[in-house]
Amino acid sequence: MNDRTLRITVARSGGVAGITPSWSITASEEPEVDSWLSLVASCPWDAPGPEADANGADRFVYSIRVLLPTAASGTGVDDGADGGHPPSASEAPDAARARERDARVPETALQGPWRELVDRVKQASAR
Amino acid sequence: MRRHIVPPYLLARIARADAFGMERAAEAARRSLLADPPLREERVRAGKATAAGGHSRAVSAAPVDRRVERTIFDAGNTEKLPGREVRTEGAAASGDVAVDEAYEGLGATHALLLEAFGRASVDGAGLPLLATVHYGTHYDNAFWDGQRMVFGDGDGEVFGRFTASLSVIGHELAHGVTQFTAGLAYEGQSGALNESFSDVMGALVEQFHARQTADAASWLIGAGLFTSAVQGRALRSMLEPGTAYDDDVLGRDPQPADMAGYVDTADDNGGVHLNSGIPNRAFALAARAIGGFAWERAGQVWYDAITGELSPTADFAGFAAATTASARARFGDDSPEVGAVAAAWRTVGVTAS
Ligand SMILES: [Zn+2]
């Protein structure tokens, strides 16, 4: 994997079956990378973690991790400089800052761009 | 404001009367109830107040409705809840296998709660039972959303429809029982205990339905959910955690069978579906050591612990202590039941505290 490669991994845990599948994509051609990056940038990485539903059980939880190409800094993806650390998202240590993002999203909050991102990764990795 | 001439409790009774041939009256009463649902809300509140007080058996002065009242909805492969109402209590089979399996499974679970433990429905106060089937597309799960059970059809490659397993239906409804009683926090060890109690009840629903002894039971959860393409017997084995499946695609069943294998993870709310293997095995071992029908003694002990003074953040050691105490209270200090429960927890590496 070279510096120009984008990698997105979606891992699902929970569910009554307790089975943990994961899906991932890599992209290194520019139009494809840009298309993924604009979707990544539209996700609410810095939104406060949604309240877990106190009374539900057996719901899925999604772990979403993005490894950004080096050149992606400044392409519209938040570089983490705002210092906000919501409980549901975290950033890699200083050295790799802005090269890696991850978030844990409960199924009940998997809407809008999160849902679109997860569905696209699933579809693309199935091909 | 709407006012009823017929009081709500009587409407509820008429709504269920179609078993006795009063179909038209029942339908009308049901419609009236739907238009004005305070009775149901009152029941929920009563259940919660009861649970908060920790006295699950001391119910309010209102008469408890011990009859089952099921309603099945069809989400039509969307993720919208509740979906379209497709089968109500007493109505004939719909011909849709998922609808009818959910209906029968709710009935079997209600029967276990009532006949084995004297509990009137999930809340102990006759709560109507709700289920939605055909949720989502290729949805590989069944869940409890706090008010109803929801079942997917499966992807067709690894999983078939999730109503196909009676133990899974019992498992989901038991999350409701825990919600109205111990309220075990769904995280870490208390979450694994929440999961395990659902597996215990799921297994007991199947055993009770088949009038099967602890020796004869499979102790499998979710047998029949995998398609024939999967190398596996079920989702979990309570007796031998970690052996339910071993498949090229799914990998091997990751459940630990004792504390030495306890999994520390941030996924799955702290591994609640993994570490439940440890208390699951304790239950299966205790039930087999005691012998006979598991719901009569081991099941009663676990039920007493969940409906007793258990903390919502109880860990395995605390639950071992609670089950040992409830075995003493019910069967006596020197009873074989107490010995079997204590030995089972020792075998899985949990020391009561
Ligand atoms: Zn569960």
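By convention in this document, chain letters (A, B, ...) are assigned in the order of the sequence lines, proteins followed by strands, and residues within each chain are numbered from 1. All values reported here derive from a predicted model rather than from experimental measurement. Quick note: numbers below take in every heavy atom, side chains included, and nothing from hydrogens, waters or symmetry partners.
Separation of atoms CZ (Phe143(B)) and OG1 (Thr108(A)) is listed at 9.5 Å; rounding is to 0.5 Å. The CG atom of Leu274(B) sits 7.5 Å away from the OG1 atom of Thr20(A) when rounded to the nearest 0.5 Å.
Put simply, the side chain of Asn269(B) reaches to within 4.5 Å of the side chain of Val61(A), judged on heavy atoms. Here the side chains of Glu107(A) and Glu79(B) are not in contact, with every heavy-atom distance at 4.5 Å or above. Counting heavy atoms from C-beta on, the side chains of His175(B) and Val16(A) never come closer than 4.5 Å.
For chain A, no part of Gln147(B) is nearby; none of its heavy atoms comes within less than 4.5 Å. Using a 4.5 Å cut-off between heavy atoms, Phe151(B) makes no contact with chain A at all. Heavy-atom distances place no part of Asp199(B) under 4.5 Å from chain A, backbone and side chain included. For Ala244(B), no part lies under 4.5 angstrom from a heavy atom of chain A.
Ion pairing between Arg104(A) and Asp267(B) holds under the 4.0 Å rule for side-chain N and carboxylate O.
Within a 6.0 Å radius of CZ in Arg65(A), no more than 12 heavy atoms belonging to other residues, nucleotides or ligands are found.
Note on residues 165-194 of chain B: no pairs pass salt bridge (charged side-chain N to carboxylate O under 4.0 Å, His left out), not counting sequence neighbours. Contacts classified as side-chain hydrogen bond (donor to acceptor under 3.5 Å, both in side chains) and involving residues 223-232 of chain B (residues at least two apart or in different chains) are not found.
In this structure, the side chain of Asn141(B) engages the main chain of Asp58(A) through a donor-acceptor pair within 3.5 Å.
For chain B, the option among Gly14(A), Gly18(A), Pro21(A) with the highest count of heavy-atom pairs below 4.5 Å is Gly14(A).
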